[in-house]
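A quick write-up on the structure given underneath.
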Amino acid sequence: YGSGIQQALAGHENSFLVVAYDSEGNLRLTSGDSVKVIALGNNEAARLMKFDIHDMKLGMYQVSYIAPIMETKIELIITINNHYLGDKNYTVNIIPEFQPLECPNDCSE
């Protein structure tokens, strides 16, 4: 859950929430699950991505990361206790950080 699983602002911290369910589809009311997030790609940006996973208890985990500046998309794989979350990889669209244009003349007017 959260915008960081669909889009991210380049160079800034982004986040999303992972919610764990048991084999019967009920929300897990425990903590301590093994949650892993991996960025796919053969480029350096994917290899260098780090994900901070915070156990919020009651089966909820907040995932935070800094989106790479030089990419437009990243593919994520998410696992909980070595089981894939969902039936596909997650594509995150990266929004370039706004860069104000330099004023060619005196901009104080």
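Residues M56 and V19 share a single hydrophobic cluster, defined by chaining ILVMFWY side chains whose heavy atoms lie under 4.5 Å apart. Linking Ile, Leu, Val, Met, Phe, Trp and Tyr whenever their side-chain heavy atoms come within less than 4.5 Å puts L29 and L17 in one cluster. Residues M60 and Y65 are members of separate hydrophobic clusters, defined by side-chain heavy-atom contacts under 4.5 angstrom among Ile, Leu, Val, Met, Phe, Trp and Tyr. I66 and F16 sit in two unconnected hydrophobic clusters of ILVMFWY residues. Membership requires side-chain heavy atoms under 4.5 Å apart, directly or through other members. A continuous path of hydrophobic side-chain contacts links F51 to I80 [ILVMFWY only; heavy atoms under 4.5 Å].
Here K73 contributes atom NZ and T91 contributes atom OG1; the two are 6.5 Å apart, rounded to the nearest 0.5 Å. To the nearest 0.5 Å, atom CG of residue L76 and atom CG of residue L40 are 7.5 Å apart. Between the CD1 atom of I77 and the NZ atom of K88 there is a distance of 12.5 Å, given to the nearest 0.5 Å. For the atom pair N26 CG and R28 CZ, the distance stands at 11.0 Å (nearest 0.5 Å). The CE atom of M49 lies 12.0 Å from the CD1 atom of I38; values are rounded to the nearest 0.5 Å.
The minimum heavy-atom distance between G32 and D55, with the atom names listed, is N-OD2, 2.9 Å. Considering all non-hydrogen atoms of both residues, A10 and P96 come closest at CB-CA, 4.2 Å.
When atom types are taken as modelled, the side chain of D52 and the backbone of S64 share no donor-acceptor pair closer than 3.5 angstrom. With hydrogens and angles disregarded, a donor-acceptor distance shorter than 3.5 Å links the side chain of N81 to the backbone of S34. The closest donor-acceptor contact from the side chain of N14 to the backbone of L9 lies under 3.5 Å. Checked by atom type and distance alone, the side chain of D33 never pairs as donor or acceptor with a backbone atom of V35 at under 3.5 Å. Counting only distance, with no hydrogens or angles, the side chain of Y90 and the backbone of I74 share no donor-acceptor pair below 3.5 Å.
For Y21, the OH atom is densely surrounded, since the number of other residues' heavy atoms within 6.0 Å is greater than 12.
E13 places none of its side-chain heavy atoms less than 4.5 Å from the side chain of S15. A 4.5 Å side-chain heavy-atom check between I78 and Y61 finds every atom pair outside the cut-off.
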